[in-house]
Enquirer: 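This is the structure I have questions about; it appears just below.
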Amino acid sequence: MNLNSWGNYPIIKNTVFDYTDDLFNILPLPSIPHGNGRSYGDSALNTNIIHTIKHNCFLSFNKENGVLHCESGVLLSEILEIFVPKGWFLSVTPGTKFITVGGAIASDVHGKNHHIAGSFSNTVVSFRLCLPNGKIVTCSHKNNQDFFKATCGGMGLTGIILDTKIKLQPIKSSSINQITIKTRNLKETFEAFEKYKNYTYSVAWIDCMSKGENIGKCLLMVGEHADDGHLTYKNETKFSIPFNFPSWTLNQFSVKLFNMLYYSTDITQKKISLDSFFYPLDAIRHWNRIYGKNGLTQYQFVLPKEKSYEGLQKILGKIASTGKGSFLAVLKLFGKGNNNYLSFPTEGYTLALDFKIEPNIFNFFDELDQIVLEYGGRFYLAKDCRIPRKIFEQGYPQIETFRAFRKAHQLNDTLQSLQSKRVGI
Amino acid sequence: MSYLLILGAKSDIAKAVAREYAKNGYDIYLAARNIEELLPLSQDINIRYEKEAKRVIFDALDFKSHQAFYDSLDPKPIGVISAIGSLGIQEKAQNDFEKAQKIIETNYVGCLSILNIIANDYEQQKSGFIIGISSVAGDRGRKSNYIYGSAKAAFSAYLSGLRNRLHDANVQVLTVKPGFVNTQMTKGMDLPAKLTAEPEDVARDIYKAQQKGKNVIYTKWMWRYVMMIIKMIPETLFKQWF
């Protein structure tokens, strides 16, 4: 069995080890923990991989305060299946439910409510971390803080997360009241984000084909949990992509999809399921195959709020003029960041663009990198497969603290991913 | 309350079977030698499906303890599945009788010992079901695992006879023959993806087959045909090829 990441790029031959208590006695080092393989690039890839997915037991649930204790291989989708019918939902969820809880901590993932709830680590009460020397450390916001801050967003480079306690939020209904707002350009898009900032959830789909005065045209979707209705949940898999598509299909597909949605809505309100609101792409199993056999990557960065408008104008302009890759992009206004050493979110606008891997795409990224840096931005490791070290480290002021932490605990030589070697963490 | 007794509850297939049956309304006895390791699974079943998952100590190789073990179960399970099994290491077993003996006792004698006791009870009650997880390795001996395979062959023959005997008592006996399954037992092996099942697939197949009253299933299903072909190969060729 060979494990790949979601982007199917890069591909590396690996040996897979199941996590067991005596693992570190037999494990060839260095190695890297791997959950469900939904990070896009090389964060969880190396020649030796520690697979945590089989450790997926729920250990306890407190009905009074919503704290769930579970092993780190539990998928968010499993939490939804069991707890939505009981009136509980994840306090923070990314755009896919097919990730492990351990992966959510390691990437300190964010969701559509970042401006209100922060990132995943904000919902973590505590976790137990197994170090390569076999020592087990219990970490929380108060205990072993340095381990907590290094591990949340630490991309699996501090140890194996064994189990965790996370706080779920109560819900009264399994529906979301969604409002969709249509804007004509980036200015209107920014105004719309500000106008609707009190909504719990918000995210925008940007049309990257638009040029000139229409740059930044979007559909902004905001939502709230409904108060009425029932609590039911079922996995909504609509269909599966059976094989890698020829690459030309992608552009037509996404352009049509956006236009269909854009021209059929103005401001509309509707009640939709949790899955449709939070995980629209999960309904299409293996959607990564739409990008063809060479794989895909996502280019995701965040710009400081005060510089976001100018920076995004420039970047979206450049993408539109070169006509490369991504036709749909996701834009989101983050709230304040946290103190974890390598957590990605920081106050400002984040843009995520999908690209298929093709010749010259990496040169194009290099050009985009320069604009992101010029405006003081940073990049998201969970999506990345190529960021050069020099570019990466400029975005993270606490990177030296992280490096020193790894060194102090002898983690440098034991836990490594292709990515950690490249960006020097 | 209907309990399913899972013998050898520590295996990956057993874990998936426990969840599948709990999901479908059964309470579970998780029986294994070391029940401490089964605590997370019993908690999981309790939270996921709001079903009981009681851990009970059972040593397949301590034959003398089996009657007392079964007597101690209250309430009695309405069905039992034997997921006891250990591949062992063929090269070591062919040179060391004690190792070979352990493979045979684990995969066959222990199963026979406990299932005899349960079968007698079910026959008297005129109800219950017995599921034995055997293996395609029992269908034809190959040099890479024939000691394990011979135990599984014996187990398959045992289940077949038991089915014959218990038919009149209305007790179902289901023989399960998994091919490759992605579990601890096969870790490190380079298995062909299309022929390899996940433990959850095997558990679903078992539950469905048991509910439908089937006799023998292969899982994945295509193994029935793979083994049909393998069994048809003449011995003269088989001994050279495999």
Side-chain angles (χ1 to χ4, degrees), chain A residues 1-4 13-23 26-28 36 48-63 66-75 77-86 88 101 128 162-166 168 233-235 242-243 286, chain B residues 6 9-20 22-25 28 30 32 34-53 55 83 87 89 179-204:
Chain A
M1 190 171 56
N2 206 61
L3 291 177
N4 297 334
K13 196 153 173 42
N14 46 51
T15 313
V16 181
F17 297 86
D18 241 350
Y19 175 77
T20 52
D21 291 343
D22 61 346
L23 176 71
I26 54 162
L27 184 69
N36 200 31
N48 300 312
I49 284 178
I50 307 161
H51 210 190
T52 61
I53 196 87
K54 289 199 169 167
H55 298 266
N56 67 342
C57 285
F58 293 126
L59 301 174
S60 72
F61 181 65
N62 183 330
K63 289 174 189 154
V67 172
L68 170 67
H69 185 199
C70 63
E71 293 180 328
S72 67
V74 164
L75 295 176
S77 61
E78 295 180 274
I79 297 178
L80 298 173
E81 272 169 46
I82 302 304
F83 290 97
V84 169
K86 299 180 204 282
W88 297 92
V101 175
R128 289 192 314 140
L162 300 178
D163 51 63
T164 177
K165 289 181 180 165
I166 59 170
L168 304 183
Y233 187 80
K234 70 175 202 309
N235 269 311
F243 49 81
H286 306 298
Chain B
I6 303 181
K10 226 199 95 191
S11 79
D12 290 329
I13 292 179
K15 176 180 176 182
V17 166
R19 282 180 173 165
E20 184 68 25
K23 187 176 161 187
N24 286 291
I28 309 289
L30 298 169
N34 180 353
I35 59 169
E36 206 167 298
E37 293 171 33
L38 290 170
L39 181 61
L41 179 60
S42 77
Q43 291 168 328
D44 181 76
I45 285 171
N46 198 251
I47 295 168
R48 267 181 209 251
Y49 307 115
E50 294 172 354
K51 289 286 152 195
E52 283 293 325
R55 297 173 294 143
L87 195 51
I89 300 167
F180 297 138
V181 188
N182 180 19
T183 63
Q184 282 291 331
M185 197 192 260
T186 58
K187 78 177 173 191
M189 296 184 190
D190 204 7
L191 304 177
K194 290 221 165 22
L195 285 173
T196 306
E198 290 301 321
E200 292 75 20
D201 303 328
V202 173
R204 256 192 312 273

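Proteins come first, then strands; the chains are lettered A, B, ... in the order of their sequence lines, and each starts at number 1. All values reported here derive from a predicted model rather than from experimental measurement. Computed over heavy atoms, backbone and side chain alike; hydrogens, waters and symmetry mates excluded.
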Enquirer: Taking side chain as everything from C-beta outward and backbone as N, CA, C, O, which of these in B:N46 sits under 4.5 Å from a heavy atom of chain A? Side chain, backbone, both or neither.
Expert: neither
Enquirer: In terms of heavy-atom pairs under 4.5 Å, which option from B:A193, B:P40, B:S42, B:P199 contacts chain A the most?
Expert: B:P40
Enquirer: Counting only heavy atoms closer than 4.5 Å, note whether B:E37 contacts chain A via side chain, backbone, both or neither.
Expert: neither
Enquirer: Which atoms form the tightest heavy-atom contact between B:I6 and B:V17, and what is the distance?
Expert: CD1-CG1, 4.1 Å
Enquirer: Need one label for A:D163: side chain, backbone, both or neither, based on atoms under 4.5 Å from any heavy atom in chain B.
Expert: neither
Enquirer: At a heavy-atom separation under 4.5 Å, does A:K54 approach chain B through its side chain, its backbone, both, or neither?
Expert: both
Enquirer: Not counting sequence neighbours, which residues clear ring pair (Phe, Tyr, Trp, His ring centres under 6.0 Å) with B:Y49? List them please.
Expert: none
Enquirer: Considering the options A:L59, A:L68, A:V101, which one meets the side-chain contact (heavy atoms from CB on, under 4.5 Å) requirement together with A:V74?
Expert: A:V101
Enquirer: Pick from B:R19, B:K15, B:Q43, B:R48: which one has the most heavy-atom pairs with chain A under 4.5 Å?
Expert: B:R48
Enquirer: For A:K165, does the NZ atom sit with more than 12 other heavy atoms under 6.0 Å from it, leaving out its own atoms?
Expert: no
Enquirer: Quick one: closest heavy-atom pair of B:A18 and B:I45, and the distance?
Expert: CB-CD1, 3.6 Å
Enquirer: Among A:H55, A:E78, A:H69, A:E71, who wins on heavy-atom pairs under 4.5 Å with chain B?
Expert: A:E78
Enquirer: Is the centre of the A:F83 ring less than 6.0 Å from the centre of the A:F61 ring?
Expert: yes
